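For reference, the structure discussed in these notes is given below.
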Amino acid sequence: MSRTLSLILLTVPLLLVLSSGGYHGYPLPKKGGEHLLNEMLMKNDRLVLEEIHECFPRLPRISWAFDTYQVEAAVGAAIQFFNATIYFFNENFEALGLSQELCHELLQILDRLIEEWAPYVTDTTVNEDVSQGISEFYRQLIKLVPKEGNAACVLSVISENLYQVAHLLSRVRKHLLVNETSRVGYFKDE
């Protein structure tokens with residue numbers, strides 16, 4: 001099953017328990033927001049053209065950065081990763097063997113996702129651990145890009161992380177919709 005299809009299946013209504021800390025007055029997610037995540041994943045599928053069995057040295061993983069259930073923390077980590085990814089691809093798309101067109105399309109989608117999710121980050125303090133982890137992740141990848149044969153592995157690990165971020169944002173979207181439905185239902189009963 002393709003990874004894009006997997007995310008589409010994730011959009012089937014699931015009730016995931018995310019800690020809300022109460023109603024924060026978040027705006028409702030825009031209609032069609034899942035479409036933008038799916039569009040990103042379709043472009044992401046085009047990044048990795050060959051199947052990767054093993055990468056040496058072992059490439060960094062930052063899945064821990066996306067292991068959160070707080071709305072602000074989750075969205076903040078996603079936005080930080082998107083910003084770092086935009087910078088990385090702008091600087092390295094040729095060395096990675098990406099077409100300028102594909103890179104431009106993906107970066108436009110990431111920029112639109114940042115714009116869509118920015119209203120959910122209300123806390124001005126940045127999670128320094130997440131920020132440093134994402135920076136270190138890309139510092140390691142930058143060192144690997146110039147070495148022969150590493151481009152596919154680098155793209156593969158970025159692709160994995162883009163899927164994790166899409167899954168995280170999908171969970172957050174469902175959480176916000178469920179909370180809004182619960183809140184509206186609660187006030188109707190009064």
Side-chain angles (χ1 to χ4, degrees), residues 3-4 6-7 36-121 123-172:
R3 288 186 256 180
T4 303
S6 297
L7 184 67
L36 193 54
L37 285 174
N38 286 326
E39 191 176 335
M40 178 196 70
L41 292 177
M42 287 188 290
K43 298 293 182 209
N44 190 34
D45 282 344
R46 293 178 45 205
L47 291 179
V48 183
L49 299 177
E50 55 189 84
E51 189 160 328
I52 308 300
H53 297 289
E54 194 65 43
C55 292
F56 296 101
R58 183 91 171 118
L59 294 176
R61 300 293 190 267
I62 56 169
S63 57
W64 60 268
F66 311 122
D67 189 23
T68 182
Y69 294 103
Q70 296 293 329
V71 171
E72 293 95 347
V75 174
I79 288 175
Q80 287 178 31
F81 187 74
F82 290 157
N83 278 323
T85 302
I86 288 170
Y87 179 79
F88 180 81
F89 279 148
N90 272 327
E91 298 295 315
N92 297 287
F93 76 92
E94 288 176 336
L96 292 168
L98 297 176
S99 72
Q100 188 172 5
E101 178 186 351
L102 175 59
C103 187
H104 179 73
E105 289 171 3
L106 180 61
L107 298 184
Q108 280 187 321
I109 293 168
L110 294 179
D111 196 47
R112 287 173 40 211
L113 283 165
I114 290 169
E115 187 177 302
E116 177 181 328
W117 286 98
Y120 299 92
V121 182
D123 191 359
T124 57
T125 61
V126 174
N127 182 328
E128 286 302 317
D129 290 337
V130 170
S131 184
Q132 288 174 355
I134 291 170
S135 294
E136 180 58 28
F137 168 77
Y138 275 112
R139 273 194 293 277
Q140 290 180 31
L141 292 185
I142 286 170
K143 293 176 189 174
L144 295 172
V145 169
K147 296 179 183 168
E148 186 69 32
N150 280 347
C153 287
V154 168
L155 288 170
S156 176
V157 76
I158 292 170
S159 177
E160 285 177 32
N161 284 299
L162 285 171
Y163 274 100
Q164 289 178 355
V165 172
H167 181 71
L168 175 67
L169 291 177
S170 183
R171 286 190 345 230
V172 169

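All values derive from a computational prediction rather than experimental measurement. Reckoned from all heavy atoms, side chains included, excluding hydrogens, waters and symmetry mates.
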Tell me if a side-chain donor or acceptor on Ser170 pairs with a main-chain N or O of Ala166 at a distance below 3.5 Å. no
Within this structure, what is the [atom1]-[atom2] distance for the pair [X] and [Y], rounded to the nearest 0.5 Å?
X: Leu162; Y: Phe82; atom1: CG; atom2: CZ; value: 6.5 Å
X: Ile109; Y: Glu105; atom1: CD1; atom2: CD; value: 7.0 Å
X: Arg112; Y: Leu36; atom1: CZ; atom2: CG; value: 4.5 Å
X: Leu169; Y: Glu116; atom1: CG; atom2: CD; value: 8.5 Å
X: Ile134; Y: Arg139; atom1: CD1; atom2: CZ; value: 11.5 Å
X: Asn150; Y: Ser156; atom1: CG; atom2: OG; value: 12.0 Å

For the residue pair Gln140 and Glu136, confirm or rule out a side-chain donor-acceptor distance under 3.5 Å. yes
Flag side-chain contact, heavy atom, 4.5 Å: [X] against [Y]:
X: Val121; Y: Trp117; result: no
X: Leu98; Y: Leu155; result: yes
X: Phe89; Y: Leu96; result: yes
X: Phe81; Y: Leu110; result: no
X: Ile158; Y: Asn44; result: no
X: Leu102; Y: Phe93; result: no
X: Val172; Y: Tyr120; result: no

Which atom of Ala95 lies closest to which atom of Ala151, heavy atoms considered: O-CB, 4.1 Å
Quick one: closest heavy-atom pair of Leu168 and Ala74, and the distance? CD2-O, 3.5 Å
Per the side chain to side chain donor-acceptor pair (under 3.5 Å) rule, what does the pair list look like for residues 81-104, sequence neighbours excluded? Thr85-Tyr138, His104-Gln108
